[in-house]
Each structure stands twice: as C-alpha cells, then as structure tokens.
Amino acid sequence: MVNFRKARERMVEVQVMGRGVHDERVLEAMLKVPRHLFVDEALRDQAYSDHPLPIAENQTISQPYIVGLMTESLELKGTEKVLEIGTGSGYQTAVLAELVGRVFSIERYPDLGYRANSILRKLGYDNVIIRVGDGSLGWPDDAPFDGIIVTAGTPTIPQPLVDQLVMGGALIVPVGDMTAQELILVRRVAEGIKKTNLGGVRFVNLVGKWGWKE
Ligand code: SAM
C-alpha cells in the first residue's frame, strides 16, 4: 500500500522542484492536492509517478512536472481569475484553485466534466466553475482572464483566447502537430503579444473550432 503523502512529497521534490520549478506557492499547492483521487482506483498506486496516466475518453492526466511548469509560468499571485481549457481529471483545476481567486474550466466530454466537478466539490473547492463545451472559443461571458492554461495541443494559438486575456495577462498553450508540440507562453502587451518557447511536450489534441477538426 502506497503512502500517498510521502509519494506526493517525493514527487514534488524530485520531479517538480528537481527539474527547476521553484515558485513556493505552486510547490505547496502540489504538495496539498491529493492527485491519487483524480485517477481511477486501479491506477492510484501510480498517481505520483513521473508520467501522464490514462483517464476516461482516451484522455490523460498530465505528468506532474508539466503541471508544475505550466502553472508556474503564469506567475500567479493569489487573486487572479484564471481559465483552463481541458478540465480532464480536474487535477490541474485543483492546483489552480489553491492558487487564485477563481477558476473557470471547460471540458469537451460531459462525463469528464461531471466527474471532475464532483471530485472538486467533495474536496471543498468552491472557487471553481466547470462548463462542458468547446474551450477553443474561450469563455467570453466571463472574460477577460488574468491567465489562461490550455492543457491540450493545438496547431495554432486560438485567437479568442488571446482576445480574452487582460492586458499583461498570460496564456500557456502547447502548439504543434498531433504528436508533439512546443509549450508557448503568450503575454498580452500593448503592442500585441510576446511569445516565449518553454520547450517540447506531448499533449492530446485540442479538438474544436480553433484547434483540430473532429
Ligand atoms: N488538465 C487535465 C488534468 O489535469 O487532468 C489534463 C487534461 S487532458 C491532457 C486534455 C483535456 O482537454 C481532455 O480531457 C480533452 O477532452 C480536453 N479537450 C480537448 N479539446 C477540448 C476543447 N476544445 N474544449 C475543452 N476541452 C477539450
């Protein structure tokens, strides 16, 4: 039987901090969120391993390091309103909920959205709203957002997401082909956008109007 708290501490120390994520608040959030509750019971023993894991609908819960890297890149301070595209298991949503004022999250598959919502409620996260739909369109009704995190790969940066950022806000998104992408940090500045490449990743596809076609 795995000691989940110990496994979580090792995950943060070795996989996340060990690879250069140093934002104390992000590390604390990852120490707190019980990742094993976001995966199928049969996979719980692997929840703190150094790789993504399968969830329903042929989707994945991202590798812990990638969650840490993407979250840190948004430079969150505590009061922000953040949008997540691709709720999946709800794990990244929970990490964000520990760090900001409000989290809006969109998932394409209803069953994933409902399941994530139910776990997040059980864990007491009351600053999260989950919607089922095409997240490549963003969430115009509640825009603008201080930060946007896209947890699925897209051929190009979805323009609606850039438009829904506050001035100075940041969007982190995997951009590339269907099998490999570059993690691009986009900051909205007065002159337009400033892009930084944070390195190679492999994500499932963002399927939607501004992502891959079905
Ligand atoms: N953040 C998730 C987690 O912590 O478990 C990882 C999510 S998984 C890598 C990507 C998710 O994006 C999948 O659940 C997939 O169904 C969802 N997705 C793909 N295209 C989408 C779209 N257009 N709108 C919303 N969700 C989408």
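Order of appearance sets the numbers: ligands from 1, and atoms from 1 within every ligand. We count residues from 1, following the sequence as given. Because the structure is a prediction, the values reported are computed rather than measured. Every heavy atom of this structure was used, including side-chain atoms; hydrogens, water molecules and symmetry mates were not.
Interface of Thr87 with ligand 1, defined as ligand atoms under 4.0 Å from a residue heavy atom, comprises 1 (N), 2 (C), 3 (C), 5 (O). Taking every heavy atom of Asn205 and a limit of under 4.0 angstrom, the matching atoms of ligand 1 come to 19 (C), 20 (N). Listed by atom number, the atoms of ligand 1 under 4.0 Å from Ser89 heavy atoms are 3 (C), 4 (O), 5 (O). For ligand 1, the atoms closer than 4.0 angstrom to any heavy atom of Ile106 are 25 (C), 26 (N). Shown in contact with Gln92 at under 4.0 Å from a heavy atom are these atoms of ligand 1, numbered in order with element: 1 (N), 4 (O). Of all atoms in ligand 1, numbered sequentially from 1 with element shown, those under 4.0 Å from a heavy atom of Leu206 are 19 (C), 20 (N), 21 (C), 22 (C), 23 (N). Of all atoms in ligand 1, listed by their number and element, those nearer than 4.0 Å to a heavy atom of Glu84 are 1 (N). Here is the list of ligand 1 atoms found below 4.0 Å of a heavy atom in Val204: 8 (S), 9 (C), 10 (C).
Distance from atom 20 (N) of ligand 1 to its nearest protein heavy atom, with residue and atom name: Val207 N, 3.0 Å. Counting protein heavy atoms only, atom 13 (C) of ligand 1 is closest to Gln59 OE1, 3.3 Å. For atom 9 (C) of ligand 1, the closest heavy atom belonging to the protein is Thr151 O, 3.2 Å. For atom 14 (O) of ligand 1, the closest heavy atom belonging to the protein is Glu107 OE1, 2.7 Å.
Ile85 and Ile55 fall into different hydrophobic clusters, where Ile, Leu, Val, Met, Phe, Trp and Tyr residues are linked whenever their side-chain heavy atoms come under 4.5 Å apart, directly or through other members.
Under 4.0 angstrom from ligand 1, the non-hydrogen atoms of Arg108 come from both its backbone and its side chain. When heavy-atom distances to ligand 1 are checked against a 4.0 Å cut-off, Glu57 has no atom that comes that close, whether in backbone or side chain. Proximity of Ile55 to ligand 1, defined as any heavy-atom pair under 4.0 Å, is not found for any part of the residue. Contact annotation: for Thr60 versus ligand 1, heavy atoms closer than 4.0 Å belong to both the backbone and the side chain. Residue Val67 does not touch ligand 1, judged by heavy-atom distances below 4.0 Å.
Separation of atoms CH2 (Trp139) and CD1 (Ile129) is listed at 5.5 Å; rounding is to 0.5 Å. In this structure, CD1 on Ile130 lies 4.5 Å from CG on Asn117, to the nearest 0.5 angstrom. If you take CD1 on Ile61 and CG on Leu112, they are separated by 11.5 Å, rounding to the nearest 0.5 Å.
The shortest non-hydrogen separation linking Thr71 to Ile149 is N-CD1, 4.5 Å. Nearest heavy-atom pair across Pro158 and Ser136 is CB-O, 3.8 Å.
The aromatic rings of Phe4 and His36 sit parallel to each other, their planes meeting at less than 30°, with 60° as the upper class boundary. Using bins of under 30°, 30° to 60° and over 60° for the plane-to-plane angle, the ring pair Tyr91/Phe38 lands in the perpendicular bin.
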Working for side-chain contact (heavy atoms from CB on, under 4.5 Å), residues Asp146 and Lys81: CA-CA 6 Å; Asp146 301 296; Lys81 190 166 92 175; 3.8 Å; yes
Worked verdict on Val100 versus Thr79 for side-chain contact (heavy atoms from CB on, under 4.5 Å): CA-CA 5 Å; Val100 299; Thr79 54; over 6 Å; no
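Salt bridge Asp141/Arg131: present, at least one basic N to carboxylate O contact under 4.0 Å.
Using a distance-only test at 3.5 Å, with no hydrogens or angles considered, no donor-acceptor pair links the side chain of Arg102 to the main chain of Asn127.
Within the set Ser105, Gly135, Gly86, the minimum heavy-atom distance to atom 24 (N) of ligand 1 is found for Gly135.
Under a 4.0 angstrom heavy-atom cut-off, Val95 registers as lying outside contact with ligand 1. Remark: distances from the non-hydrogen atoms of Pro52 to ligand 1 are all 4.0 Å or more.
When Val16, Leu69, Asp50 are each tested for a side-chain contact (heavy atoms from CB on, under 4.5 Å) with Gln63, only one passes: Asp50.
Residue contacts with ligand 1: Ser62 is placed with no nitrogen or oxygen under 3.5 Å of a nitrogen or oxygen of the ligand (distance criterion only). By the 3.5 Å distance cut-off applied to N or O atoms, Ile85 is not counted among the residues near ligand 1.
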